[in-house]
Amino acid sequence: MKITVLNDIKGLEARVSASPETVKGYVDAGHAVTVVKGAGAAANFADALYKDAGATIATTNTIAVKNADLVMSINGGSEKLVGAMKKGAGITGVLSPTDNPKYAAACAKAGVTAYALDYIPRISRAQSMDVLSSQSNLAGYRAVVEAGSIYGRAFPMMMTAAGTIAPAKTFIMGVGVAGLQAIATARRLGAVTTATDVRPATKEQVGSLGAKFIAVENEEFKEAETAGGYAKQMSAEYQALQAELTAKHIAKQDIVITTALIPGRAAPVLVTKAMVDSMKPGSVLVDLAVERGGNVEGAKAGEIVTTKNGVHIVGHLNWPSRMAGDSSSLFARNLKNLLPLMTGEDGSYAPDWDDEIIQGCALTKDGAVVHERLKGDA
Ligand code: NAD
């Protein structure tokens, strides 16, 4: 099959969807790979490395997609670019389908199959293909590291000749993939770490990382997980109890990292302005959910806000892109693990439409929008 790797670098996006390592794997397997000039530059993968791996370098995205059977990308590229693709080809990316239904419509019009990597079912077999996990993990790590660089004090306890420095108190809200890595990173740095989530299964995970779990553990909490392993929307009563408990706790924290999301809904507000104002000057809040409305009142997307009281609220966007080397390498391996489901026995592009992973992530097929979650939108 002919594979094209787009140059996705634009604005805050620094990642690339194939690494020299995965390109070599594709070439060794008999595929022809074209990489668009400069695609890996921001991840420190020079064009020469892709060339050494056996790829051809193309000058522009538009030229490179024309003959491709499969286009690999981070975010899917533009609707115009999809229009330049060959009918019957496929394109992969994190497509945020419900936020951007016009994109799927453009793919259907062009006769292109769009694979939304963010819709890959979260089943055991698909774990190695799950870009949401690989990227969230790095975001959780980076959130703690950035908080540490803004915080004017140390994380670990230090006993020095000049006296003892107390360890930083760190609180992680939302213990999914990003939150678990944030806990592990804060612990590695020596912070006294606590965490909360509405899913009971996370209590044990928090404990196994050496952190303390803090939550309102009532009857509603015991049922607060969907069959898919995600959080449920909690009742107003539960949220009020949760707010009361966390308010007291947050006032004593130096660093708070929030990662709480509910699929298909705005992020829950967990830290109110009053809670922010209760924190000591110099404390840092990092809101990883800012792209979906934010968990922290006063967080601004793409900005670091410092309150009158000297509390910093970090609202950076696209955290994985801040570590483009590792995030690109893992994204690339996720795609490499998905590729066999799109490859025929003779090595041609031949998606396995009977496979639930392909069914779960394909938005379009044969000129139509086919995904259940999009029908009617496009
Ligand atoms: P996510 O990004 O959707 O949400 C982050 C966390 O926020 C979740 O743990 C959620 O419970 C929590 N949250 C929501 N509302 C909250 C509130 N009001 N207060 C506190 N916390 C709140 O989650 P995710 O990282 O995508 O992971 C979700 C689940 O999916 C986890 O159980 C994870 O282990 C599982 N998962 C499975 C696979 C797989 O099997 N392929 C892959 C990745 C994740």
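Residues take their numbers from the sequence shown, with the count starting at 1. What's counted below: heavy atoms across the whole structure, side chains too, no hydrogens, waters or symmetry copies.
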So does [X] pair up with [Y], basic N to acidic O under 4.0 Å?
| X | Y | result |
| --- | --- | --- |
| Arg15 | Asp8 | no |
| Lys86 | Asp69 | yes |
| Glu220 | Lys232 | no |
| Lys222 | Glu217 | no |
| Arg199 | Glu225 | yes |
| Asp47 | Lys37 | no |

Ignoring hydrogens and geometry beyond distance, is a side-chain donor-acceptor pair present between [X] and [Y] at under 3.5 Å?
| X | Y | value |
| --- | --- | --- |
| Asp287 | Thr258 | yes |
| Ser134 | Arg333 | no |
| Asn309 | Thr307 | no |
| Gln181 | Thr185 | yes |
| Thr194 | His249 | yes |
| Ser133 | Asp130 | yes |

Assign the ring pair [X] / [Y] to parallel, tilted or perpendicular, where the plane angle (0 to 90°) is split at 30° and 60°.
| X | Y | answer |
| --- | --- | --- |
| Phe221 | Tyr238 | parallel |
| Trp319 | His316 | tilted |
| Tyr115 | Tyr349 | perpendicular |

Non-hydrogen atoms of Ile91 and Leu70 that approach each other most closely: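 Residues Ile91 and Leu70, closest heavy atoms: N-CD1, 4.2 Å.
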Shortest non-hydrogen contact between Thr34 and Ala58, atoms and distance: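 The answer is CG2-CB, 3.5 Å.
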Sole residue of Thr196, Ile257, Thr193, Ile255 in side chain to side chain contact (heavy atoms under 4.5 Å, CB included) with Phe171: Thr196
